[in-house]
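A short worksheet on the structure shown next.
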Amino acid sequence: MFASEIRKRRIEGMQSSRWRWHLDEMFVKISGERHYLWRAVDHEGEVLESFMTKPRDKKAALKFLRKAMRKHGRFEMIVTDKLRSYSAALKEIGADHRQETGRWLNNRAENSHLGSVRRTWLEAGQGAG
């Protein structure tokens, strides 16, 4: 009971992250295996959530969206690339009318990946510096 009340207050206090989210995924190789790094970025370029999966399908997109929404509340508008997993996951949670896709609309999320490849590689224990 107390945990849900604290979570609710924290989410209500984060109104700025509810405006517009940019979602993107990229692949990284860890120990020779392909994994996908999913990222949610708010309208100011702040990384809201990161998530790593092996598949790049509707189930993974849905799990990522639910995790981000649990922490940051519901979004007003979501900007994605044209990956069909996003639209299928958004349709399942009832937010498909809030999705925007476009050629350059998702640049904010694309640019947030630039420094993450090396960090992810180091966090996985693959590099020494």
Side-chain angles (χ1 to χ4, degrees):
M1 184 170 90
F2 294 116
S4 66
E5 193 63 35
I6 291 169
R7 188 179 307 117
K8 182 179 167 186
R9 286 185 186 169
R10 184 187 69 211
I11 289 171
E12 286 173 358
M14 300 176 74
Q15 293 294 325
S16 64
S17 67
R18 297 176 76 183
W19 293 340
R20 177 178 288 221
W21 290 5
H22 298 261
L23 300 184
D24 194 40
E25 80 292 332
M26 65 178 283
F27 82 90
V28 291
K29 281 199 172 185
I30 300 174
S31 300
E33 292 185 24
R34 182 180 288 200
H35 292 72
Y36 291 94
L37 177 65
W38 301 75
R39 308 273 307 261
V41 179
D42 70 359
H43 65 285
E44 295 175 336
E46 186 72 28
V47 176
L48 298 173
E49 194 66 41
S50 297
F51 188 66
M52 189 156 310
T53 62
K54 281 198 94 156
R56 190 176 88 163
D57 58 0
K58 174 187 164 187
K59 184 178 175 184
L62 191 59
K63 191 171 183 178
F64 171 62
L65 277 171
R66 286 186 174 150
K67 181 181 178 192
M69 286 176 21
R70 192 176 326 118
K71 275 191 180 176
H72 301 285
R74 202 151 176 96
F75 48 84
E76 290 295 320
M77 187 61 64
I78 195 158
V79 180
T80 66
D81 52 12
K82 295 183 181 179
L83 181 68
R84 292 183 359 190
S85 302
Y86 289 127
S87 57
L90 288 168
K91 186 179 280 190
E92 187 162 316
I93 62 173
D96 53 334
H97 62 283
R98 296 180 180 193
Q99 181 184 17
E100 283 185 36
T101 57
R103 189 166 181 174
W104 291 290
L105 288 177
N106 210 21
N107 280 350
R108 186 168 304 278
E110 295 282 348
N111 289 334
S112 77
H113 284 306
L114 293 178
S116 65
V117 174
R118 180 153 172 76
R119 276 195 311 269
T120 305
W121 190 61
L122 289 172
E123 289 169 1
Q126 299 301 312

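- A side-chain hydrogen bond (donor to acceptor under 3.5 Å, both in side chains) with Arg20 holds for exactly one of Glu100, Glu44, Glu76, His43; it is Glu100.
- Across all their heavy atoms, Ile93 and Met69 have their closest contact at CD1-SD, 3.8 Å.
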Intermediate values then yes/no, side-chain contact (heavy atoms from CB on, under 4.5 Å), Arg66 and Glu92: CA-CA 11 Å; Arg66 286 186 174 150; Glu92 187 162 316; 3.9 Å; yes

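- Counting only heavy atoms from C-beta outward, the side chains of Trp21 and Met77 never approach each other to under 4.5 Å.
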Verdict with supporting geometry, Tyr36 and Val28, side-chain contact (heavy atoms from CB on, under 4.5 Å): CA-CA 6 Å; Tyr36 291 94; Val28 291; over 6 Å; no

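- In this structure Thr53 satisfies the side chain to side chain donor-acceptor pair (under 3.5 Å) test together with Trp38, sequence neighbours excluded.
- Every side chain to side chain contact (heavy atoms under 4.5 Å, CB included) that Ala89 has, sequence neighbours left out, goes to Ala61, Leu62, Leu65.
- Here CZ of Phe27 is found 4.5 Å from CZ of Arg34. Values are rounded to the nearest 0.5 Å.
- The side chain to side chain donor-acceptor pair (under 3.5 Å) test applied to Ser85 returns no partner, not counting sequence neighbours.
- Remark: Lys54 pairs with Glu33, His35 by the side chain to side chain contact (heavy atoms under 4.5 Å, CB included) rule, at least two apart or across chains.
- Minimum interatomic distance between His22 and Asp42 (heavy atoms only, all atoms of both residues): CD2-O, 3.9 Å.
- Here Leu90 contributes atom CG and Thr80 contributes atom OG1; the two are 7.0 Å apart, rounded to the nearest 0.5 Å.
- One N or O on the side chain of His72 and one on the backbone of Leu48 form a donor-acceptor pair closer than 3.5 Å.
- The distance from atom CG of Leu83 to atom OG1 of Thr101, rounded to the nearest 0.5 Å, is 11.5 Å.
- Side chains of Ser87 and Gln99: a donor-acceptor N/O pair is absent below 3.5 angstrom, by distance only.
- Under the salt bridge (Lys or Arg N to Asp or Glu O under 4.0 Å) criterion, Arg98 pairs with no residue, sequence neighbours left out.
- Residues passing the side chain to side chain contact (heavy atoms under 4.5 Å, CB included) test with Lys67, sequence neighbours excluded: Glu49, Phe51, Arg70.
- Considering CG of Asp96 and CD1 of Ile78, their distance stands at 11.5 Å, rounded to 0.5 Å.
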